[in-house]
2 protein chains.
Amino acid sequence: MTHRAPSIRDVARVAGVSTATVSRTLTHPDKVSETTRAAVIRAIHDTGYTVNQAARSLRRRRTGAIAVLVPNISNPFFARILSGVAEVMSEAGYNVLISDTTPTALDDHRFPEYFSHNQTDGLIVLDGMLNRELLLNRGPPEVRPPMVFACEWIDSIERPMVTIDNTAAAAAAVRHLLDLGHRDIGFVCGPPENVLTRARLNGTRAALAEAGLSLRADWIFPGDFTLPSGARAAALWLDAGDRPSAVFCASDEMAMGFIGALYQRGVSVPASVSVMGFDDLGIAAHFVPPLSTVHQPRRRIGLIAAQMLLERMALDPATRASAPVPKVVLPYELAIRSSTAPNPAAGERI
Amino acid sequence: MTHRAPSIRDVARVAGVSTATVSRTLTHPDKVSETTRAAVIRAIHDTGYTVNQAARSLRRRRTGAIAVLVPNISNPFFARILSGVAEVMSEAGYNVLISDTTPTALDDHRFPEYFSHNQTDGLIVLDGMLNRELLLNRGPPEVRPPMVFACEWIDSIERPMVTIDNTAAAAAAVRHLLDLGHRDIGFVCGPPENVLTRARLNGTRAALAEAGLSLRADWIFPGDFTLPSGARAAALWLDAGDRPSAVFCASDEMAMGFIGALYQRGVSVPASVSVMGFDDLGIAAHFVPPLSTVHQPRRRIGLIAAQMLLERMALDPATRASAPVPKVVLPYELAIRSSTAPNPAAGERI
DNA sequence: ACGTGGCATGTAATCGTTTACAAGGGTTGA
DNA sequence: TCAACCCTTGTAAACGATTACATGCCACGT
């Protein structure tokens, strides 16, 4: 016959107390006399007891876990954000579950079952492309878990959020290229429906407009934030009759894919073309050449998102619905390295 | 007053049936008449009911989730493994929780609370440096969750496992360098206590020994698998009076850090030194120069680990203890690209 | 007409914790 | 001496789903 895990009853029996006392020892040690406490702790040790989280969650009506929805775990961009989240959350006694929402062949960006409101006490959403209905229509409003967005967001959903000003950051990046004397500037996009793609594209257009220029349609290269899509853009760039002297990629991964592909065709960066990225991944500074890019304070984004979520969770559901919705915009920084250089065809401007 | 989430009772009331029938509709739809089923589904819709996972887990005595313990989420190496795991597991109806075990200042590699045996039905461990006792001594043996190791492992723990033959793979990598005419070969280590470091170091020594060579102690550079540690090794390499003409790095990240740092000091690869990596990260093929490395079938590792875990979970605890412990060794491949080249000082051998 | 079996459904016990409430005992102050 | 209080502990009712068992009904074969 197969044993079952020791329960609080077993501990109570061994310690010679009631289950209530064992429970109290665990959660309010100060409400229990010192001798009893010692006996209970001893019994816990002897029996090898560990609390049954399912029972605890059921009774307490909260799970002690929050979930982070990440569009793509393979993107190292998210790692530091996650570590920021984990730091704040584990200090507050929460576990952090990470889930990849990468769309499968079948459906939209996935929405794992366990994000039903019963499974986690809160949600941090890093994916702006999640299905809006799935995200919102989970049971009656009073019981929907608090949610905060970070980095990406969904325009039609009004929730706390922490980001950088992507439009301004893109504009600054493009201004850097302009300052180097580039006038022919291309842009490599993220996925077309992505909010970040739109914001960064707008910023690019705005900076160009300021300089009396505009973004040529044939210099807007499609992409999806990934390495291979950057490489594909490079092929397009090579094939173009008339090529921009600088290219701004909406992500570091694409910038690296772009540079790598050019290298393999014998074209070197920044000699033949300046390339600017976005995100400042860990590898950007180590790349060949070191990548000029836009730095996002990723760890801080994670920290702040987590703190916001804790605040929201502390509110009771009724108040929450009417509470103000904080939106934090953190400063970005330009990290200028060696993948961008003065435009050789514009010596006079420098 | 604040409402609570609709429960199975609410659904039962609305549908005019008992809670048992609602439950059956959810889990054994065929055991319920067609008309009842329709009524229940309707009621579920109307009430916005979603099942309370805590209650379900408590009653069923299983959680429907498994956890993957990852040493470091920021390492893109793990992403494809995770996607393999997720694919198999979600098809089998399990959720996959991912947890980073990166050690904090305080303790050993962390062991999040929710991996207590009550919180997940099984464990896939990708971290060979977890504290042995924490991993094993979780309650009496009958209730410990099934566990499988992938990629890394812990020597003293006998559990199912899926890996590649790291020793042989490292030897093959070094043989590639030997074939290119290199005789002076250095090695950049992972963390000293890591099993992979040991295996790859052994393989390196073995291949060198075959060729009548040995690994010079001052050409064994310390590292910890990360980008910056590769860059540090490059600094050491540069400072060495007598330098190896080829360096084998125990991870791609280190290889890229190494190459990047050399580039910044004006040393180019493979002209001045051949560099070989290990893992074949997505970026390896896009790096400048494209990285020669050892390819691991990461996705398959994930798939197989997940299948193994499912098999173990299907066993009852008693049988499991005595069941054979499968160990799968998958084939690796050498991905030879451009960061390795013939030794210019050994023209005659090529 | 009746026994048998199968199907659909309901009843109620159970999973392991938490916690409101009650109870017992001791201390304190008037 | 007694009331008022505090401190510690126990009793027992939740939390919300699942499922063994019982029940009622209908159809069928003899």
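In this text, all values refer to a predicted model and were calculated from it rather than measured experimentally. What you see below is based on every heavy atom in this structure, not just the backbone, and it leaves out hydrogens, waters and symmetry mates. The sequence lines fix the lettering, A, B, ..., with proteins before strands; numbering per chain opens at 1.
Within the 4.0 angstrom heavy-atom criterion, only backbone atoms of the sugar-phosphate kind lie near Thr36(B); the bases stay farther away. Using a 4.0 Å heavy-atom cutoff across all strands shown, Val22(B) reaches no nucleic acid atom at all. Note on Ser18(A): a base of the nucleic acid sits closer than 4.0 angstrom, heavy atoms only.
By the side chain to side chain contact (heavy atoms under 4.5 Å, CB included) test, Pro326(B) pairs with Pro160(B), Met308(B), Arg312(B), sequence neighbours left out. Here Thr36(A) pairs with Ser33(A) under the side-chain hydrogen bond (donor to acceptor under 3.5 Å, both in side chains) rule; sequence neighbours left out. Remark: Glu158(A) pairs with Lys327(A) by the salt bridge (charged side-chain N to carboxylate O under 4.0 Å, His left out) rule, at least two apart or across chains. Applying the side-chain hydrogen bond (donor to acceptor under 3.5 Å, both in side chains) rule to Thr25(A) yields no partners; only residues at least two apart in sequence or on another chain are considered.
To the nearest angstrom, P of dG10(D) lies 15 Å from CZ of Arg13(A). Counting to the nearest Å, the P atom of dT17(C) and the CG atom of Asn52(A) are 5 Å from each other. Rounded to whole angstrom, the span from the CG atom of Leu26(B) across to the P atom of dA17(D) amounts to 9 Å. The CG atom of Leu58(B) sits 12 Å away from the P atom of dA17(D) (whole-angstrom rounding). In this structure, CG of Asp10(A) is placed 14 Å from C1' of dC15(C), rounded to the nearest angstrom. Distance Lys31(B) NZ to dT19(D) C1': 12 Å, rounded to the nearest Å. Rounding to whole angstrom units, CD of residue Gln53(B) and C1' of dT18(D) are separated by 13 Å. Between Glu34(A) atom CD and dT8(D) atom P the separation is 11 Å, expressed in whole Å.
In this structure, Ile124(B) CD1 and Leu69(B) CG are separated by 10.0 Å, a value rounded to the nearest 0.5 Å.
Pairs engaging residues 56-74 of chain B under the salt bridge (charged side-chain N to carboxylate O under 4.0 Å, His left out) rule: none recorded [sequence neighbours left out]. Residue pairs satisfying the salt bridge (charged side-chain N to carboxylate O under 4.0 Å, His left out) criterion with at least one member in residues 86-97 of chain A, sequence neighbours excluded, are listed as follows: Glu87(A)-Arg299(A). Screening residues 8-34 of chain B for salt bridge (charged side-chain N to carboxylate O under 4.0 Å, His left out) gives Asp10(B)-Arg13(B) as the qualifying pairs, with residues at least two apart or on separate chains.
In this structure, Phe78(A) and Pro71(A) approach most closely via the heavy-atom pair CZ-CG, 3.4 Å.
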Seminar exercise, completed: Each nucleotide of nucleotides 19-25 of chain C classed B (base within 4.0 Å of a protein heavy atom), S (only sugar-phosphate) or -, in 5' to 3' order, makes B------
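Heavy-atom nearest nucleotides on DNA chain C were determined for Ala55(B) and for Asp30(B), and the one closer to the 5' end corresponds to Asp30(B). Place Arg37(B) and Ser7(A) on DNA chain C by their nearest nucleotides, and Arg37(B) ends up nearer the 5' end.
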Exercise. Where does DNA chain D pair, written as one dot-bracket string 5' to 3', with Watson-Crick or G-U pairs under 3.5 Å, ( ) inside the strand, [ ] for crossing pairs and | for another strand?
Worked result: ||||||||||||||||||||||||||||||
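OP1 or OP2 of dG16(C) sits under 4.0 Å from a side-chain N or O of Arg61(B). Distances shorter than 4.0 Å separate some side-chain N or O of Arg4(B) from OP1 or OP2 on dC15(D). At the phosphate of dC15(D), neither OP1 nor OP2 sits under 4.0 Å from any side-chain N or O atom of Ser57(A).
The closest side-chain heavy-atom distance from Glu311(A) to Leu315(A) is not below 4.5 Å.
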